[in-house]
Asks: 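Structure provided below as structure tokens; questions to follow.
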Amino acid sequence: MSGTPLLSLAIWVPILAGLVILATGSDRNAPLARMLSLIGAVAGLVVTIPLYTGFDLHTPAMQFVELKPWIQRFNVNYHLGVDGISMLFVILNSFITVTVILAGWQVIDNKVAQYNAGFLIMSGLLNGIFSALDGVLFYVFFEASLIPLYLIIGIWGGPNRVYAAFKFFLFTLFGSLLFLIALLYLFINSGGSFSILDWHRMPIPMNAQTWLFLAFLVAFAVKVPMWPVHTWLPDAHVEAPTGGSIVLAAIALKLGAYGFLRFSLPITPDASHELAGLVIALSLIAIIYIGFVALVQDDMKKLVAYSSIAHMGFVTLGFFIFSAMGVEGALVQMISHGFVSGAMFFSIGVMYDRAHSRQIADYGGVVNKMPKFAAFFMLFAMANAGLPATSGFVGEFMVILAAVDYSFWVAFAAASTMIVGAAYTLWMYKRVVFGAVANHHVAELADIDSREFLIFVLFAIGALGMGLYPQPFTEVMHSSVNELLRHVALSKIQ
Amino acid sequence: MTLAELQFQIPDLRLASAEIFMLLMACLILMLDLLVKDRKRTLTFVATQLTLVGAAVVTFATSSGEVAYTFSNMYVGDLMADLLKLLLYLTVIVVLFYSRGYIVEREQMARGEYYSLALFATLGMMVMISANHLVTVYIGLELLSLSLYAMVAMNRDSVPATEAAMKYFVLGALASGLLLYGMSMIYGAAGTLEITAIAERLYLGQVDRGILVFGLVFLVSGLAFKLGVVPFHMWIPDVYHGAPTAVTLFIATAPKLAAFAMVIRLLVNGLIVVSQDWQTMLIMLSVLSMAIGNIAAIAQTNLKRMLAYSAISHMGFMLLGMVTGVVGGDARFALNAYSSSMFYVITYVLTSAGTFGMILLLARNGFESEEIDDFKGLNKRSPWFAAVMMMMMFSMAGVPFFVGFFAKFSVLQAVVAAGYLWLAIVAVAFSLIGCFYYLRVVKIMYFDQPASMTPIAAPLDMKILMSANGLAVALLGIFPQALMSLCAFSLLRSL
């Protein structure tokens, strides 16, 4: 298996599939386009499975490495590789793509080929971000992935889609342009290398580290998103079609967090320690304040969007307490959030497809008409609230445990909001699902069909499997996380 | 006076054979056109295209890769000149293909003169590219400008076109005056008009720096006008907007290559010793251009006008590469910086040709398709050409995987390498603002409903070429290495 360029396949199989689907053209060929997309998405998932089965647990080094010169003039290489931190995201992303294609199977009947191709191409680009080991390659994938999502929100989105699409694009671009300058600075000062691994080893004076850290922080904080640059996310989620919301929540938000682990911590360790307090403060604001904001939302998608911001607050909190438990907990939380938020947005999409409303007030008593749906929705609502035995619990619990070591009050603040998290999720669930049938729209709801059932089952396996038996997920992380922390503990100032 | 002193040296004509060929053919085609009765001027068109191909062959065949001078050092042949000329022919060929449908449909423009003027303009640009003497630069520039004035005014009955031509002519004459005045001051200071000799005397300290820098101010103003950077940009929006789109396409593409060569010849070849002086001026021009170009473009509803402001900002960005060549007297980064500018210009020309070409593709007789709203719902009418236009827009905005990203990347890299971190931050900040109006065009094409579902009625050759142009923007964005190296190599062998 060592000779097969698995990561290249993970990137280019979906992209090429997307281009082929674009060629099927108009909506007359919609069934063909759907079929090809499913084949492409499944093929994209299949090629990532050997990444897990062939993964060496005992080394923190990059695996499945591919290195080819790309732009020799600037010493830019097509350098791919994954470690225990990034590997799971490649698989998660490829998995989510399959569910997204299935989720749009019937709902999308306008420009089907473009819709599915957009998701497949984005899937390849996102895999590229997680496996890039070259600064320019990373940046190129990072920026290029904005285009498909911009188009998906703008073309298939809700009434205010244009505003949301522009806000999404410009916010993210704003962050990443400073990031580009940071990359160029590192290139010049490392004597002409764009290799991220070289940058990890390179000594940097404190002053420069601080500026680099802040540039990274802006780029990744927008993407995570952290308070106060989170405002694009609720807009983007509300307007995006279901598939767009799933990818946005499940994968796109992870890019910022992943960036912290790949860039901020190892390249600027001293500045990370120095400014950890800032990030922890922002994380706590996200967890507490945004949690309360979620509580008062009338729109289900907005509610889940705010809850995503709060959950990502746990992730950034976990990173910046610099313990193995915290970082692993944050990584588990990221993957868990991928399943759970994806499923939550899909659940809302299921209701929206039928009743064309996302307002909590428009529903009530859904359980009477959609019992199967209500059961699944219950499971994911519980996972979102962090109930034990679901994946949502594992990550948050690990982060809080790590936080207790760091500071009791930080842990206290973070833990107390698990109550808020339970409150907004379960209160929404109660208002939407329980009670008497609220109106004739609800009375006309039909329960989920086999396609939707399948998607729910896929998500449920992820959420429950990870909650009951997280070891397969955590064991691949150990070596890399320990190595990362060992590295971060060393000063780079010379 | 002995015979030996009278000896007349025959210049090495071989170096200028492409120009001579071009001149002969342009005159020939002018006469040939008298015999053409066909309203479509097919023969003239084919002859013009063949001339350009022929010139490319001649340039390629006579290219030695060495720096050589002729006509008493008034003329220089080097690898940069050869490369730029080849790209120039290619650009003009593409431009003429794009414009053909447009001018055939319009009574006033469907004349053979259009092609001859294009060839004379091309000749002017070739002379500019190969000039090693201030007078040669000026001759080339005037040949180009006068041809362009006439081309803008060709659509005689159109009021905006006439107005644009008038404005272009008056302001262009003013700029030429500035340039000439600057040249005369430099002559006064250096005692020679020969560019390499000026550099030599400057190096030896035989030049009155005060007078020279005084002349330099005028020279840079003249250059800034020709490049169209703030505050000498006033003519750009009006001329781009008022001129027939086919002519706008011409103005927006090929002359940028020649203007870049002119900057290299005058400022780098001739005045590198006083680089500190002109770099400071160019920094101001560059920052102002990026600011005003990008901000003013947001307010435009006319696509041509929007692209005019975008051109201003792009030229400002290109100048960033020119200001970072010499840092504190250290010219280590010069090659890196200038070749990034060259790459920027070339990719800009490629993308600009595509965007104006797209306007021509959608235009019909009586419908110019130059308002941004005319692109509404293009994705429904033609997904492929909407995608091509989208690639152009993202490339101009500097989003990967399109070539515009690597253009910006290489210039920014030069800026950061030279230690101008603040300048890089200013540049990306304005790029972000610029992104907005490019995104708006994408929005119009993809998110809005079309006003009509008229199919695109462009000739097949144009559709193919347009597609190739779009693919080039994407492929060069994935594999930029070759072109980047070519730029660096040609400059290495020329400077």
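The analysis underlying the following values was restricted to heavy atoms, covering all of them including side chains, and did not include hydrogens, waters or symmetry mates. A note on names: the letters A, B, ... follow the listed sequences, proteins ahead of strands, and every chain is numbered from 1.
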Asks: Please say which of Y139(A), F187(A), F194(A) ends up in a ring-ring contact (aromatic ring centres under 6.0 Å, His included) with F409(B).
Replies: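 Exactly one candidate clears the test, F194(A).
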Asks: Nearest 0.5 Å please: distance from the OH atom of Y150(A) over to the NZ atom of K443(B).
Replies: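 Here the interatomic distance stands at 8.5 Å.
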Asks: To the nearest 0.5 angstrom, please state how far the CE atom of M393(B) sits from the CD1 atom of I147(A).
Replies: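 M393(B) atom CE to I147(A) atom CD1 measures 13.0 Å (nearest 0.5 Å).
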Asks: Around F174(A), counting heavy atoms of other residues, nucleotides and ligands shown, do more than 12 lie under 6.0 Å from its CZ?
Replies: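 It does not: F174(A) CZ has 12 such atoms or fewer within range.
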Asks: Counting only non-hydrogen atoms closer than 4.5 Å, does F74(A) touch chain B with its backbone (N, CA, C, O), its side chain (CB onward), both, or neither?
Replies: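 Looking at F74(A), just its side chain touches chain B.
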Asks: Side chain to side chain contact (heavy atoms under 4.5 Å, CB included), that's the test. Do V442(B) and F169(A) meet it? Break it down for me.
Replies: CA-CA 12 Å; V442(B) 176; F169(A) 198 101; over 6 Å; no
Asks: Which atoms of L180(A) are under 4.5 Å from chain B, going by heavy atoms: the side chain, the backbone, both sets, or neither?
Replies: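 Side chain only.
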Asks: For F436(B), which atoms come within 4.5 Å of any heavy atom of chain A: side chain, backbone, both, or neither?
Replies: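 Contact with chain A involves both backbone and side-chain atoms of F436(B).
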Asks: When heavy-atom pairs shorter than 4.5 Å are enumerated against chain B, which of I181(A), L173(A), L178(A) gives the highest number?
Replies: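 Of the options given, most contacts go to I181(A).
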Asks: Before you tell me yes or no, could you show the steps for S339(B) and R73(A) under side chain to side chain donor-acceptor pair (under 3.5 Å), namely the whole-Å CA-CA distance, both residues' side-chain angles and the distance that decides it to 0.1 Å?
Replies: CA-CA 11 Å; S339(B) 67; R73(A) 175 146 167 61; 2.9 Å; yes
Asks: Nearest heavy-atom pair of N379(B) and I155(A): which atoms, and what distance?
Replies: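 Nearest pair, atom of N379(B) first, then I155(A): ND2-CD1, 4.4 Å.
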Asks: Can you name the nearest heavy-atom pair linking E143(A) to G398(B), along with the distance?
Replies: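 Reported closest heavy-atom pair: OE1-O, 4.1 Å.
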Asks: Do L146(A) and F394(B) touch side chain to side chain, with heavy atoms closer than 4.5 Å?
Replies: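 No, their side chains stay 4.5 Å or more apart.
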Asks: To the nearest 0.5 Å, what is the distance between CH2 (W384(B)) and CG (L22(A))?
Replies: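 Nearest 0.5 Å value for the CH2-CG distance: 10.0 Å.
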Asks: Could you go step by step and tell me if I71(A) and F479(B) meet the side chain to side chain contact (heavy atoms under 4.5 Å, CB included) rule?
Replies: CA-CA 7 Å; I71(A) 306 171; F479(B) 305 106; over 6 Å; no
Asks: Is chain B contacted by the side chain of F142(A), its backbone, both, or neither, given a heavy-atom distance below 4.5 Å?
Replies: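 Interface part for F142(A): neither.
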Asks: Under 4.5 Å from any heavy atom of chain B, what part of I188(A) do you find: side chain, backbone, both or neither?
Replies: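 Just the side chain, heavy atoms under 4.5 Å.
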Asks: Just say parallel, tilted or perpendicular for the rings of F401(B) and W70(A), cut-offs at 30° and 60°.
Replies: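 Because their plane-to-plane angle lies in the 30° to 60° range, the rings of F401(B) and W70(A) count as tilted.
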Asks: For the atom pair CG (L177(A)) and CG (L412(B)), what is the distance rounded to the nearest 0.5 Å?
Replies: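 Output value for this atom pair is 8.5 Å.
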Asks: Is Y446(B) in contact with chain A via its backbone, its side chain, both, or neither, using a 4.5 Å heavy-atom distance?
Replies: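 Contact with chain A involves both backbone and side-chain atoms of Y446(B).
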Asks: Measure distances from L125(A) to the heavy atoms of chain B and classify the residue's part below 4.5 Å as side chain, backbone, both or neither.
Replies: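 Only the side chain of L125(A) comes within 4.5 Å of chain B.
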Asks: If you compare all heavy atoms of C435(B) against all heavy atoms of L170(A), which two are closest, and at what distance to 0.1 Å?
Replies: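 Closest approach of C435(B) to L170(A), heavy atoms only: CB-CD2, 4.1 Å.
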Asks: Looking at G157(A), S176(A), P69(A), G154(A), which has the largest count of heavy-atom pairs under 4.5 Å with chain B?
Replies: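 The answer is G154(A).
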Asks: Is A429(B) close to chain A through its backbone or its side chain, or both, or neither, when contacts mean heavy atoms under 4.5 Å?
Replies: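 Neither part.
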Asks: One pair to check against side chain to side chain contact (heavy atoms under 4.5 Å, CB included): W211(A) and L421(B). What are the steps and the verdict?
Replies: CA-CA 12 Å; W211(A) 287 110; L421(B) 216 50; over 6 Å; no
